[in-house]
Amino acid sequence: MDINIKKRNGRLEKFAVDKINASVQRACEGIEDVSPSEIVLDAQLQLFDKITTSEIDQALILSAREKIEKDPNYSYAAARILLNCLYKEVFKEGVDSDMFRLQYRKSFVQNIKKLVKEERLNQKLLDFDLNKLSKAISIRRDHKFKYLGVQVLYDRYFIRHNDKIMEAPQSFWMRIAMG
């Protein structure tokens, strides 16, 4: 059976397991006793024609989550897959992009300014040197989270604007420190 993927822009594309394998492989990099191929294989059972990329992401997260009982390190894999989804939502870049680090820092500055303008954040936050603070953000710290930690932040604490998440984990912590 041929499976087509519905991309975020609405375009249909043939399912390419290589892309998903590469994405999960990156997410599992450096995590011991975790099998990216097992995550992908189990997630493939949930695929259907015209599945959206968001639904594929959710299938991968669920697949990794189901394996946490087998080995707790799968919690880090599930967290990183969820983080990749969050990054796409916040600043339209995946972790495989050359622009990822720049976009992470840029979105921190832009989103603070936007949220102050929208009166969601206090005007005093603009008194800070936002560019300097953005450079102080240690993006790698996002990988210290287990799945439940990222999910709770995503569900309860990250600021949303028009139903869109406006901050990544380290941007959130920097904003809290600024307060």
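Keep in mind it's a predicted model, so treat the numbers as computed, not measured. In what follows, every heavy atom counts, from backbone to side chain, and hydrogens, waters and symmetry copies are set aside.
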Using modelled atom types only, decide if a donor and an acceptor are shared between the side chain of [X] and the backbone of [Y] within a distance under 3.5 Å.
{"X": "R120", "Y": "L115", "result": "no"}
{"X": "S134", "Y": "N131", "result": "yes"}
{"X": "N4", "Y": "L12", "result": "no"}
{"X": "E13", "Y": "K7", "result": "no"}
{"X": "N122", "Y": "L125", "result": "no"}
{"X": "R80", "Y": "E29", "result": "yes"}
{"X": "R141", "Y": "Q170", "result": "no"}
{"X": "Y74", "Y": "S35", "result": "yes"}
{"X": "R160", "Y": "I165", "result": "no"}
{"X": "R175", "Y": "F108", "result": "no"}

**Request:** May I ask you to decide whether E55 forms a salt bridge with K50, counting only side-chain N to carboxylate O separations under 4.0 Å?
**Result:** no
**Request:** Please determine if E89 and K164 form a salt bridge, counting it only when a charged side-chain N lies under 4.0 Å from a carboxylate O.
**Result:** no
Say whether [X] and [Y] are linked into one hydrophobic cluster, either directly or through other cluster members, by side-chain heavy-atom distances under 4.5 angstrom.
{"X": "L41", "Y": "F15", "value": "no"}
{"X": "I5", "Y": "F48", "value": "yes"}
{"X": "V152", "Y": "I176", "value": "yes"}

Please determine whether the number of non-hydrogen atoms from other residues, nucleotides or ligands lying under 6.0 Å from atom [atom1] of [X] exceeds 12.
{"X": "Y157", "atom1": "OH", "value": "no"}
{"X": "Q25", "atom1": "CD", "value": "no"}
{"X": "N9", "atom1": "CG", "value": "yes"}

Pairing donors with acceptors under 3.5 angstrom, does anything connect the side chains of [X] and [Y]?
{"X": "S107", "Y": "Q110", "result": "no"}
{"X": "T52", "Y": "S54", "result": "no"}
{"X": "Y87", "Y": "D142", "result": "yes"}

**Request:** Quick one: do K146 and Y76 satisfy side chain to side chain contact (heavy atoms under 4.5 Å, CB included)? Show the steps, please.
**Result:** CA-CA 5 Å; K146 291 184 177 180; Y76 292 106; 3.3 Å; yes
If I compare all heavy atoms of [X] with all of [Y], which pair ends up nearest, and what's the gap?
{"X": "I81", "Y": "D57", "value": "CG2-O, 4.1 Å"}
{"X": "I31", "Y": "A27", "value": "CD1-O, 3.7 Å"}
{"X": "L60", "Y": "A43", "value": "CD2-CB, 3.6 Å"}
{"X": "I61", "Y": "L82", "value": "CD1-CA, 3.8 Å"}

Could you state the interatomic distance from [atom1] ([X]) to [atom2] ([Y]), rounded to the nearest 0.5 Å?
{"X": "E167", "Y": "Y104", "atom1": "CD", "atom2": "OH", "result": "9.5 Å"}
{"X": "C28", "Y": "I39", "atom1": "SG", "atom2": "CD1", "result": "4.0 Å"}
{"X": "F145", "Y": "Y154", "atom1": "CZ", "atom2": "OH", "result": "15.0 Å"}
{"X": "K6", "Y": "D49", "atom1": "NZ", "atom2": "CG", "result": "11.5 Å"}
{"X": "M166", "Y": "S171", "atom1": "CE", "atom2": "OG", "result": "10.5 Å"}
{"X": "I159", "Y": "E118", "atom1": "CD1", "atom2": "CD", "result": "11.5 Å"}

**Message:** Looking only at the aromatic ring of each residue, does the gap between the centers of F100 and F91 stay below 6.0 angstrom?
**Reply:** yes
**Prompt:** Does NZ or CZ of R156 fall inside the cone over F172's six-membered ring, less than 6.0 Å from its centre and within 45° of the axis?
**Reply:**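 No; the conditions do not both hold, so R156 does not lie above the ring face of F172.
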Do [X] and [Y] come close enough that some side-chain heavy atom pair is under 4.5 Å?
{"X": "L62", "Y": "Q46", "value": "yes"}
{"X": "L83", "Y": "P169", "value": "yes"}
{"X": "I137", "Y": "W173", "value": "no"}
{"X": "S63", "Y": "K67", "value": "yes"}
{"X": "L153", "Y": "L86", "value": "no"}

**Prompt:** Can you check side chain to side chain contact (heavy atoms under 4.5 Å, CB included) on Q103 and K106, steps first, answer last?
**Reply:** CA-CA 5 Å; Q103 195 62 30; K106 186 177 159 189; 4.1 Å; yes
**Asked** Given I139 and R105, is the side chain to side chain contact (heavy atoms under 4.5 Å, CB included) satisfied, shown in steps?
**Response** CA-CA 9 Å; I139 299 168; R105 296 176 196 297; 3.9 Å; yes
